[in-house]
Amino acid sequence: MLRVDFDMSSLNAQLDDFEAKVGAALHPAARAGAKVLYDAVKVNAPRSEKAHFTKGKKQAYQPGNLQASIYYAFNDKASEPGKHVSFSVSWNKQKAFYGAFVEWGTSRMPAYPFLRPAYDAFEQAALTEANTVFMRTLAEGGR
């Protein structure tokens with residue numbers, strides 16, 4: 001009878017180390033991809049020629065307010081540490097509640113989409129940037 005023993009502890013340690021490095025590289029990679037989309041959305045957001053007001057002129061919004069409200073942020077609810085990382089790119093609804101009206105239109109106003117067209121146009125560039133940062137971070141040891 002032939003018996004072969006193989007010690008997997010070294011291989012398991014290397015795999016655990018690699019898994020930790022991959023997990024550490026996810027956040028900077030996702031952030032880099034989100035930044036590409038953020039920049040595209042910010043440029044794509046329409047800018048009014050003059051200030052506009054809410055009904056009854058209670059609140060004034062200056063030109064560029066929608067652009068200034070664009071943000072990107074880590075989405076901890078859609079992320080799982082070491083597994084997948086999610087960032088959100090959108091507009092701040094407190095600063096520019098009307099972003100939805102601009103993006104999708106209303107019964108009285110046509111849509112002027114800025115979020116989806118930016119995503120469609122720059123999705124591949126964002127993925128490429130995320131992949132580049134991921135590979136670089138992984139090569140640096142996940143730092």
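For the numbers below, each heavy atom of this structure counts, side chains included, while hydrogens, waters and symmetry mates do not.
- A donor-acceptor contact shorter than 3.5 Å is absent between the side chain of Glu129 and the backbone of Val36.
- Taking CZ of Phe87 as the start and CG of Asp76 as the end, the distance is 10.5 Å to the nearest 0.5 Å.
- Taking each heavy atom of Val133 and Ala32 in turn, the nearest pair found is CG2-CB, 3.5 Å.
- Met109 CE: more than 12 foreign heavy atoms inside a 6.0 Å radius.
- Note that CG of Asp39 is 11.5 Å distant from CD1 of Ile70, once rounded to the nearest 0.5 Å.
- Considering only heavy atoms from C-beta on, Trp91 stays 4.5 Å or farther from Val41 through its side chain.
- What you find for Pro28 and Ala25 is that their closest heavy atoms are CD-O, 3.5 Å.
- Within the 4.5 Å cutoff, side-chain heavy atoms of Val22 are placed close to those of Phe134.
- Here the closest heavy-atom approach between residue Pro117 and residue Glu103 is recorded as CD-OE2, 4.3 Å.
- By the 6.0 Å contact criterion, NZ on Lys95 is open, its count of non-hydrogen atoms from other residues, nucleotides or ligands being 12 or less.
- When the side chains of ILVMFWY residues are joined at heavy-atom separations under 4.5 Å, either directly or via intervening members, Tyr112 and Phe97 end up in a single hydrophobic cluster.
- Linking Ile, Leu, Val, Met, Phe, Trp and Tyr residues whenever their side-chain heavy atoms come within less than 4.5 Å places Leu26 and Met135 in a single cluster.
- Looking at Ser79, its side chain does come within 3.5 Å of a backbone N or O of Ser86 through a donor-acceptor pair.
- The environment of Phe74 atom CZ is dense: over 12 non-hydrogen atoms of other residues, nucleotides or ligands sit within 6.0 angstrom.
- One finds the CD atom of Glu19 at 5.5 Å from the NZ atom of Lys83 (value rounded to the nearest 0.5 Å).
- In this structure, Val89 and Ala34 approach most closely via the heavy-atom pair CG2-O, 3.8 Å.
- Side chain of His84 to main chain of Ala78: a donor-acceptor pair is present (N/O by atom type, distance under 3.5 Å, no hydrogens or angles).
- Contact between Ala118 and Leu37 at its shortest, heavy atoms only, is O-CD2, 4.4 Å.
- A pairwise comparison of heavy atoms in Ala96 and Ser69 identifies CB-OG, 3.5 Å as the closest pair.
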Practice item. Apply side-chain contact (heavy atoms from CB on, under 4.5 Å) to Leu66 and Phe114, showing your working. Key: CA-CA 11 Å; Leu66 180 58; Phe114 60 96; 3.9 Å; yes

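- To the nearest 0.5 Å, the span separating CG on Asn131 from CZ on Arg136 amounts to 11.0 Å.
- The number of heavy-atom neighbours closer than 6.0 Å to OH of Tyr38, taken from other residues, nucleotides and ligands shown, is above 12.
- With rounding to the nearest 0.5 angstrom, the OG atom of Ser90 is 4.5 Å from the OH atom of Tyr71.
- Residues Asn65 and Tyr98 are in side-chain contact: their nearest non-hydrogen atoms beyond the backbone lie under 4.5 Å apart.
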